[in-house]
Structures are given as C-alpha cells and as structure tokens.
Amino acid sequence: MESQRITEYERKRLENIKRNDELLASLKIHSKLADLSASTKRHREQTKSYRISPQKKAKSETPAVIRRSLRTQGKKPDSPGLTDDFNETPKKQTSPKSQVTPDKSARELKPLSMRDVSVSSEPDEPLVKKILSLSVSKQSPSKGPKKAIGFRIRASIDLDSMELMPENIARVVPGRILSVKFFPSTDIRMVVVGNKFGDLGFWNVDSETEDSDGIYMYRPHPAPISSICIQPFSMNKITTCCYHGLIRSLDVNKEIFDLTYTTEDAIYSMSQRPDDVNSLYFGEGRGVVCVWDERSKSSSSSWNLHDSRINSIDFNPENTNLMATSSSDGTACIWDLRKVGRKSNPNSLKEITRDRAVHSAYFSPSGSHLATTSHDDKIGVLSGANYDDEFLLYHYNQTGRWLSSFKGVWGWDDSYVFVGNMKRGVDVISTEKNRIVTTLESPHVTAIPCRFDAHPFKVGMLAGATSGGQVYIWS
DNA sequence: GCGATCATTATTAAG
DNA sequence: CTTAATCCATGATCGC
C-alpha cells in the first residue's frame, strides 16, 4: 500500500522532470535571448531596503501567536497552556536556522523604548527629529482645537497622471504587510507599515542620503499588526494594534511604545473617530467592538456586533455618528452610534450580506457611498438615501494564504475605488460607470500590492503594500 | 454546531 | 537559476 503510493508519486515526479527538461531544451534559445536583453539594462532595482542591525539579527523570526481567550477556545479559565501554548507544540526542526532566540520584549506587558525594540541598523535620531518637527509646525495654538470633520483633501484626479517612479519603491519590512498608513502631513512623504511579525516600519521617502534610505524598523508587537492610527494633529502619537491582543501607542517625544490596552482575544481592526482624538474603536475576538477612552484610560463601551472577526471599522467623514464594520461572518453593517447606546447587541442601521467573508467596508470621502470587498469575489458600492442603492462588480479576490486580503480603498473623491489584483496591478473602479476603468500597472511592480492608503492631503498619491514587505508609491 | 484535516495561493531567501 | 520553506486565511469536507 505504502510502497505503491510512493512509486506512483515517484512516477509522476519523473514524468514531471522529463517534461520540464523538454520544455527547458525548447526554451533554451529564448532564455538566452532574454538574458541578453536583460543584461543590457540591468540596473539593479530595489535599491532601497531595510537593514537589520547585526546584534538583533538573531531575533528576526519568532512564531506569530494568535491570541484567543479561553472562553472562545472552549477551555476552562484555569486550564494550563494559555501563555506558552506556542512552546508546547514545537514545530518540526526542519532546518537548523530556526534556532533563533525568541524575541520576548514585544510580548511583555509594559512600555517599550524605541531603542530596545529597534530592529534596523539606522540610528533613531533622524526619524524622531523629523516627526517632532512635523508635530510642532502643524499645531496651531492660536486657533485652538479645530474640527477634524472632513479633514482630508477632496479633489478629482486624472488617473493617467498616476505614475510609479522607481525611486518610490522600497522594501520597508520583511514579510507580509497587513497595514499601511501615510503620515497626515503635506510637509513630507512618510509611510508607516505593519507586518506579520509585529514589525513597524517607517519610510521617509524624501530622506536621501549617502548611508541612509530613510527606513526604520521596530518590533513593538509579537504578532501581526492589524491597524495603524496616526493622530492627525499630533503626529508624534502613533497607535498600533495586533493579533496578540495588544494596543500600543508610540510617543515619539518620550521615544516609548506605551501599552494602551491588552486582551486575551485577537484585535483584527481599529479606527479612530475623526472628530474625537481621545477615542479608539477596535474589533476584538469574534465580533466584539470596544471603545477605548484615552482620558479615562478605560473601555467605555463594548458591543457584540458580529458573529465572527471584524475586518474593518470606518467612520463616515461627514457624519461621524455613522460607523461601518465588515466581518468574516459575511456581513457589513452601518451603525448609528447615537442609537447603539449601551445595549450589548444593538440593531444596525443597514446590513448587507455576502456569500463569504467581507474584508472591508469603507465610506467614500463625502460619506455618501460605502465600498465593500468580499471573499465571494465581489466589490460592492452602496449609495443613495439610507445606502439603499447598490451595485456589485465581479472582482477576483482569492488571495489565498500567503497574501493579505484585498481591501478596496477610496481615492480623493467619490468617483474611484482602488483595489489590487492577482496580476500585480491596481484596478481602478469608477462609481459612475460601475466598472473597472483602468488598471495601474508597471514593470517595477514585482509582487502583488494588497493593502493601500491614499494620502489624505496629496491628491493622486497612493501607497500600495505587498506580502513581501515592499511599498510602492504612485503619484 | 464543532474540531480536525486538507488544498489552495505567492514570495523570497537560500542553495 | 532553481527550489524549498513559509504556516493561523479560508472554505470544503468529513466524522462526531
């Protein structure tokens, strides 16, 4: 039985090898030609990349652990193996290099200094200085607190003008990127990304010096970083959350990643109400949304909104009482926070159902549309009174295991949604024509961009992040 | 309704 | 240039 299976396997393998050999022979001439043409213009791309400091190199890999409460695991509260379950099931030692010293600090429930969790060989000073200079210049003490509603440029764009320049490509972190965010500033082009390992990468695009690419990397989390929030009026505060159930807030002044919140459950999404810098809304475990109040340092509300993980939380820029959530339970909902109140299972204002998990539901810049991306290969756009009008577009969204799921994001007005495709392009969907009107493509794109952020102030500037740690900036 | 198991997919670091 | 390793997303399928 066993030997038969092996011979069958062996036979197929040999067949494959033979076929490949034949193919190879037939392609030999072609490949030589390709080599020749490539060598003529082989100016090594991918010049910009993160650099790992030699001392810390050993801890660059550590198993990502998904936190699940004992309740959701169906275990008794005092059953063993909560904190160290990843050690109990050691992986097969497939290669000697997996003997890396585990990075414990990111797991510790205490504030961490930037220095201690720095992974890159770059000194922190230029980054810290840069961020602090932004924060100072942007604060206008004379005018008092501005209303942040709609604080984001609104303008139409010429799609043809969007270009990807080779110098606007960098490998900011290793591995799969889950979250990408532009600094909300007109003064610089800076992106922050979070990856699967819990690394937070900064890329100051304009910092071009002899020995620096402007890339900085830290490891404040022990698990995938699911969301990044940057305070619009004090950019020295950057909040991140992760699958391990931690929310940290980087205080650039103190150069410390503070610990804001911890839970047994994984945190899959997080958002900030645009008109309330002291609030933090995040999706926890299997369908719970919590509200964290920065002033009282406590969770002011907690609702059970879905039956499965919440993949996105977003607020209507024009009416910040409206919150949209998307979930792996196959629904996306709009909630009126004035009506949600204190009930633990409130009613939604609007619910749409898909055949599979919904990965995102984002309001358009004017708030009049809602774009959803789902695993059943659909992009949906809601509009009209009470969001009752809907158009659905087929869009292949089977990203599989190694890529982050696609999430369609809005540009700078209500006319376009940008979403990655499996052919390394960016599909641009027109909400007027209800179809893909163009696809951003470039030979410089060597991997599939999955996660995007549109620059809040620079019209036409779009950041795309891949599962290999690269960031592309179209402008 | 739930757990276990498997297939799928893309990227890259290492050989 | 080739190939092995990645590993926690998701759904389908099966057994209970």
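So you know, we letter chains A, B, ... as the sequences are listed, proteins then strands, and number each from 1.
- Between the side chain of A:Arg248 and the backbone N or O of A:Pro220, at least one donor-acceptor pair lies under 3.5 Å.
- When the P atom of C:dG11 is taken as reference, atom CG of A:Asp377 falls 11 Å away, rounded to whole Å.
- Between the CG atom of A:Asp376 and the C1' atom of C:dA9 there is a distance of 15 Å, given to the nearest Å.
- When rounded to the nearest whole Å, the span between CG of A:Asn195 and P of C:dT6 equals 17 Å.
- The base-pairing partner of B:dT9, taking Watson-Crick or G-U wobble contacts with both distances under 3.5 Å, does not exist among the strands shown.
- Heavy-atom distances to DNA chain B give each of A:Trp402 and A:Thr466 a nearest nucleotide, and the one nearer the 5′ end belongs to A:Trp402.
- With the nearest nucleotide of DNA chain B identified for both A:Gly469 and A:Tyr396, A:Tyr396 has the one nearer the 5' end.
- The two residues A:Pro111 and A:Ile256 make their nearest non-hydrogen contact at CB-CG2, 3.8 Å.
- At the phosphate of C:dT6, neither OP1 nor OP2 sits under 4.0 Å from any side-chain N or O atom of A:Lys196.
- For the pair A:Asn421 CG and B:dA10 P, the interatomic distance rounds to 12 Å; values are reported in whole Å.
- A close approach under 4.0 Å does occur between a side-chain nitrogen or oxygen of A:Arg309 and OP1 or OP2 of C:dA9.
- Within the structure, every side-chain polar atom (N or O) of A:His359 is placed at least 4.0 Å from both OP1 and OP2 of C:dA9.
- Nearest to the side-chain atoms of A:Arg424 among the listed nucleotides B:dT12, B:dT11, C:dG11 stands B:dT11.
- Exactly one residue among A:Arg354, A:His306, A:Arg309 makes a side chain to side chain contact (heavy atoms under 4.5 Å, CB included) with A:Asp329. That residue is A:His306.
- Rounded to a whole Å, the CG atom of A:Leu403 is 15 Å from the C1' atom of C:dC8.
- A sub-4.0 Å separation between OP1 or OP2 of B:dA10 and a side-chain N or O of A:Gln398 is absent.
- For A:Gln470, the listed nucleotide lying nearest its side chain is B:dT12; candidates were C:dT10, C:dC7, B:dT12.
- With salt bridges taken as basic N to acidic carboxylate O contacts below 4.0 Å, one links A:Arg51 and A:Asp213.
- Under 4.0 angstrom from either OP1 or OP2 of C:dA9 there lies no side-chain N or O belonging to A:Arg356.
- Contact annotation: A:Arg401 side-chain N/O to C:dG11 OP1/OP2 distance is not under 4.0 Å.
- Between the CE atom of A:Met422 and the P atom of B:dT9 there is a distance of 8 Å, rounded to whole Å.
- Put simply, CG on A:Asn397 is 15 Å from P on B:dT9, counting in whole angstrom units.
- The aromatic rings of A:Trp410 and A:His369 sit perpendicular, their planes meeting at an angle over 60°, well past the 30° parallel limit.
- Whole-Å rounding puts the A:Arg286 CZ to B:dG1 P distance at 12 Å.
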